[in-house]
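Data first, discussion second: the structure below is written as structure tokens.
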Amino acid sequence: MNVRIALVGTGAMAEYHVRKFSAIPGVSIPACADHRSSRAEAFAAKYGIPLRYDRIDALLDAADRRAGPEDSGPGPGIDAISCAVVDSHHPRIAIACLKRGHPLFCEKPMARSLAEAATMAAAAESAGTARESSCGHSPLPVVINFSKRNAPALVALAELVRGGRLGRIEEIDASYLQGWLVTGAWGDWRSSTTRRWRLSPTESTAGVLGDLGSHLVDAILAVTGGKIVDPVLEDSLAFTEAYARGMLGPAHESDADDPLLGPRNILPGQWNISPERQDRSEGSPCPALVEFSAQATLSGGGTARIRASCVDPDSVDAFSVAVRGELGMASLDLRRSRTAVRLETERGEEWVEGARLPSTYEAFIALVQERSAGGPGRPAGVDLPAWMRSWSAPSFREGLEVQRLFESLMDQARARHGGAHE
């Protein structure tokens with residue numbers, strides 16, 4: 001079966017989705033949507049996409065109007081939706097698609113709050129149940145793009161941990177470090193259309209917490225197959241504080257009116273917020289963090305430490321996870337290898353290669369194809385362990401576990417830095 005996937009959002013991540021999905025045999029992209037019609041038009045022209053829309057409802061309405069009896073999917077030109085918009089729009093887009101019965105591939109993190117994520121998860125479950133009961137097919141495919149799972153090295157780490165090679169897990173140290181905000185390697189934060197929204201307390205999920213931290217939390221959950229509880233925010237730095245300290249370079253005159261800096265109009269050397277101007281309520285937006293470190297307890301015992309930053313001047317894109325158990329230690333560093341991890345035991349040191357499982361993109365397409373054919377509704381590879389079969393298709397339920405941890409850390413960030421402006 002050929003799969004026709006529509007893209008919602010036409011930014012940098014959507015361009016990456018085009019490349020990844022187009023590389024899969026039998027996949028085409030007949031439509032895209034963006035609330036900025038000029039961007040949708042330019043995106044469609046660049047990638048040869050026939051149809052473009054400026055509203056998600058318009059895209060879904062067009063699919064419904066053109067549906068015919070020969071079509072097995074939710075619309076004649078669309079079999080699935082890929083959501084690559086900023087975090088704040090995930091719930092609206094996801095729920096609109098799920099209500100229409102469209103399989104959904106959604107960027108991480110799920111949402112900006114636990115309540116939003118829970119609503120999305122409930123919509124996915126409801127859509128899958130209704131679809132299964134009405135047509136006898138497997139539940140609606142819904143995948144969240146925790147793309148670090150695409151690295152065979154992370155699979156190798158999971159095999160070592162879940163297979164007992166390290167014994168009882170005592171410590172996990174995970175970090176994801178970037179330096180683009182201080183080096184400008186990926187564009188100036190003042191003008192970058194692809195990065196700027198990540199610094200917004202109303203568009204992002206607490207800045208680097210959701211952007212990079214979601215990969216770290218998901219990696220720990222996926223590797224251990226357990227849960228993380230009792231998180232403690234040990235250290236954190238908000239974007240506005242980093243700016244006020246002069247970490248982001250010389251100030252510009254126009255910065256005083258920059259909405260990212262908020263109504264305080266703080267310039268370097270003037271960081272002095274009076275207590276009455278700090279909103280610490282749980283309902284206020286969480287400040288956009290540019291760096292944080294946290295510690296939590298693994299459900300099976302042991303400690304997990306995570307650190308994420310986009311102001312590390314010595315890093316471009318450094319993702320690493322080290323797991324120490326009573327029988328040895330395994331270390332993943334994607335800068336050194338995307339396919340293998342270093343294992344250290346009393347027998348010595350060796351490099352362990354991981355299995356090349358379907359990518360999140362491939363797994364999603366396989367789920368759509370298998371569901372249409374009345375198949376098992378999971379990626380191919382029934383001879384694999386159960387956890388491997390679902391590895392490449394992270395569910396909204398898994399995304400919800402990540403969001404639970406975020407909720408606690410965001411409450412702590414609000415208490416520490418004050419609520420952000422809206």
Side-chain angles (χ1 to χ4, degrees), residues 87-88 108-109 111-114 172-183 189 195-220 228-248 260-262 264 266 268 270-275 277-297 303-315 317-321 402-422:
D87 297 355
S88 59
K108 59 78 196 170
R112 299 177 59 250
S113 72
L114 181 58
I172 296 180
D173 281 286
S175 65
Y176 197 173
L177 309 178
Q178 297 176 347
W180 66 270
L181 189 53
V182 293
T183 65
W189 63 268
R195 295 277 160 183
R196 185 174 165 83
W197 71 269
R198 300 170 194 268
L199 306 172
S200 168
T202 56
E203 292 189 317
S204 72
T205 306
V208 76
L209 178 65
D211 188 22
L212 305 184
S214 59
H215 284 303
L216 294 173
V217 175
D218 175 69
I220 294 173
I228 307 174
V229 297
D230 301 325
V232 176
L233 186 67
E234 295 187 319
D235 196 14
S236 58
L237 177 64
F239 164 72
T240 47
E241 294 170 324
Y243 176 85
R245 294 179 189 179
M247 295 176 62
L248 311 185
L260 287 184
L261 296 173
R264 305 179 183 107
I266 299 299
Q270 299 176 332
W271 183 254
N272 182 21
I273 306 175
S274 60
R277 298 186 74 183
Q278 298 186 37
D279 180 0
R280 300 182 183 276
S281 65
E282 292 186 3
S284 61
C286 183
L289 305 180
V290 296
E291 188 169 74
F292 81 92
S293 59
Q295 182 169 300
T297 301
T303 300
R305 287 185 289 269
I306 60 176
R307 179 186 172 220
S309 175
C310 60
V311 291
D312 186 320
D314 299 321
S315 300
D317 194 47
F319 184 88
S320 63
V321 182
V402 174
Q403 204 75 43
R404 290 187 204 283
L405 198 75
F406 284 175
E407 194 81 352
S408 177
L409 293 177
M410 285 192 288
D411 284 345
Q412 294 175 56
R414 276 188 285 262
R416 175 172 299 179
H417 301 280
H421 60 280
E422 301 207 37

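These values consider heavy atoms only, across backbone and side chains, with no hydrogens, waters or symmetry-generated copies. The residues of the chain are indexed from 1 along the displayed sequence.
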Is it the case that the side chain of Glu241 and the backbone of Ser236 share a donor-acceptor pair, with hydrogens and angles ignored and the cut-off at 3.5 Å? no
Calculate, to the nearest 0.5 Å, the distance between atoms OH and CG belonging to Tyr243 and Leu199 respectively. 13.0 Å
Specify the closest pair of heavy atoms between Pro109 and Ser214, including all atoms of both residues, with the distance to one decimal. CB-CB, 4.2 Å
Rounding to 0.5 Å, atoms CD (Gln403) and CG (Leu114) come to a distance of 6.5 Å
Would you mind reporting whether His417 and Thr240 have side-chain heavy atoms less than 4.5 Å apart? no
Taking all non-hydrogen atoms of both residues, which atom of Gln412 and which atom of Leu233 are closest, and how far apart? OE1-N, 2.7 Å
From Tyr176 atom OH to Ser320 atom OG, the distance as rounded to the nearest 0.5 Å: 11.0 Å
Is there a donor-acceptor contact under 3.5 Å from the side chain of Gln295 to the main chain of Thr303? no
Which heavy-atom pair separates Ala308 from Val208 by the least distance, and what is that distance? CB-CG2, 4.0 Å
Lys108 side chain reached by Asp218 side chain, heavy atoms, under 4.5 Å: no
Result for side-chain hydrogen bond (donor to acceptor under 3.5 Å, both in side chains) between Arg198 and one of Asp211, Thr205, Asp87 points to Asp211
Side chain proximity check, Trp180 to Val311, heavy atoms < 4.5 angstrom: no
Non-hydrogen atoms of Pro287 and Pro201 that approach each other most closely: CA-CB, 4.3 Å
Where Ser204 and Trp197 come nearest, the two heavy atoms and their spacing: CB-O, 3.6 Å
Are Leu237 and Met247 side-chain neighbours, meaning at least one heavy-atom pair lies under 4.5 Å? yes
Non-hydrogen side-chain atoms of Trp189 and Leu260 separated by less than 4.5 Å: yes
Working to the nearest 0.5 angstrom, can you tell me the gap between Glu291 CD and Leu209 CG? 13.0 Å
Between Ile306 and Phe292, does the side chain to side chain contact (heavy atoms under 4.5 Å, CB included) criterion hold? Intermediate values first, please. CA-CA 8 Å; Ile306 60 176; Phe292 81 92; 3.8 Å; yes
Without swapping roles, check the side chain of Arg404 against the backbone of Ile228 for a donor-acceptor pair under 3.5 Å. no
Please report the shortest heavy-atom distance between Pro313 and Thr183, naming the atom on each side. O-CG2, 4.0 Å
Side-chain heavy atoms of Arg307 within contact of Asp312, under 4.5 Å: yes
